[in-house]
> 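My structure is below; once you've seen it, I'll send some questions.
When a residue number appears, it is its place in the shown sequence, counting from 1. Worth saying up front: this structure is predicted, and the values here are computed from it rather than measured.
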Amino acid sequence: MGLAKTEIFTDKQNQIAVFAKVFGHPARVAILQHLFKTDSCFCGNLVDEIGLAQPTVSQHLKELKYLGLIKGNVEGTSVCYCIDKENWTAMKEVMSDFLNQDLPPDDDCC
């Protein structure tokens with residue numbers, strides 16, 4: 001398998017690619033939507049809410065936590081999750097800058 005060669009790209013390009021990965025799977029989108037909907041730390045069973053197997057949900061939570069978009073705290077025998085508001089805001093700024101790029105109005109390419 002080839003290397004991603006991420007070192008040849010700027011930090012900003014790598015950051016955008018990492019953030020875009022979040023939206024690359026509907027389960028991660030559903031988890032984020034649920035956490036936004038609860039508007040607090042969610043300690044319930046996300047498996048019931050999302051409808052996927054426990055290992056699958058755990059893998060997606062691990063990815064979201066690794067990317068810094070959610071936080072998790074152990075409370076008793078369960079883990080409570082919530083959106084990391086500071087990192088979410090930073091991600092929105094980076095992605096907005098990227099997505100708000102526009103072509104000049106007189107561009108007649110292709």
Side-chain angles (χ1 to χ4, degrees):
M1 176 174 253
L3 298 174
K5 296 188 179 184
T6 57
E7 71 277 355
I8 68 171
F9 301 103
T10 67
D11 289 342
K12 185 71 93 180
Q13 289 167 333
N14 280 297
Q15 189 177 31
I16 290 167
V18 167
F19 286 144
K21 184 178 180 180
V22 169
F23 306 109
H25 197 287
R28 289 191 289 271
V29 173
I31 289 168
L32 288 168
Q33 286 177 321
H34 184 74
L35 293 177
F36 273 112
K37 186 172 66 176
T38 60
D39 195 29
S40 64
C41 284
F42 180 76
C43 298
N45 191 348
L46 279 168
V47 171
D48 294 337
E49 297 295 328
I50 305 301
L52 297 172
Q54 179 66 52
T56 304
V57 171
S58 292
Q59 187 62 36
H60 288 299
L61 287 167
K62 180 180 173 184
E63 187 71 25
L64 290 167
K65 197 169 178 185
Y66 171 76
L67 296 171
L69 297 179
I70 66 170
K71 299 187 274 188
N73 297 315
V74 177
E75 292 189 11
T77 59
S78 63
V79 180
C80 295
Y81 293 99
C82 63
I83 301 293
D84 185 315
K85 293 176 184 178
E86 185 177 320
N87 288 342
W88 182 262
T89 300
M91 187 265 316
K92 281 178 31 179
E93 289 174 11
V94 168
M95 295 304 287
S96 288
D97 287 347
F98 177 69
L99 294 172
N100 286 330
Q101 298 178 94
D102 288 318
L103 293 172
D106 61 346
D107 188 12
D108 206 16
C109 179
C110 302

> Taking all non-hydrogen atoms of both residues into account, name the closest pair between Ala27 and Leu52 and its distance.
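The pair with the smallest heavy-atom distance is CB-CD1, 3.5 Å.
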> What's the separation between atom CG in Leu67 and atom NZ in Lys62, rounded to the nearest 0.5 Å?
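Going from CG on Leu67 over to NZ on Lys62, the span is 12.0 Å.
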> Can you find a heavy atom in the side chain of Trp88 that is under 4.5 Å from one in the side chain of Leu32?
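Touching, per the 4.5 Å side-chain cut-off.
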> Hey, is CZ on Phe23 packed in by over 12 heavy atoms from elsewhere, all under 6.0 Å?
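Yes, enclosed.
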> What distance separates Asp11 CG from Ile16 CD1, expressed to the nearest 0.5 Å?
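Taking CG in Asp11 and CD1 in Ile16, the distance rounds to 11.0 Å.
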> How about CD on Gln54, more than 12 heavy atoms from neighbouring residues, nucleotides or ligands closer than 6.0 Å, or not?
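Correct, the count exceeds 12.
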> To the closest 0.5 Å, what do you measure between CG (Leu46) and OH (Tyr81)?
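Those atoms lie 7.5 Å apart.
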> To the nearest 0.5 Å, tell me how far Lys71 NZ sits from Lys85 NZ.
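Answer rounded to 0.5 Å: 8.0 Å.
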> Looking at Gln59 and Thr56, would you say the former's side chain and the latter's main chain have a donor-acceptor pair under 3.5 Å?
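No.
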> Within a strict 4.5 Å, meaning less than it, do heavy atoms of the His25 and Glu63 side chains meet?
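Sidechains of Glu63 and His25: no contact.
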> Looking at CD1 of Ile50 and CD of Gln33, how far apart are the two atoms once the value is rounded to the nearest 0.5 Å?
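Taking CD1 in Ile50 and CD in Gln33, the distance rounds to 8.5 Å.
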> Is there a side-chain contact between Ile70 and Ile83 (heavy atoms, below 4.5 Å)?
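They are in side-chain contact.
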> Shortest non-hydrogen contact from Met91 to Leu69?
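Heavy atoms only, the tightest pair is CB-CD2, 4.0 Å.
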> Just wondering, do Lys37 and His34 contact through their side chains at under 4.5 Å, heavy atoms?
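Heavy-atom side-chain distance check passes, below 4.5 Å.
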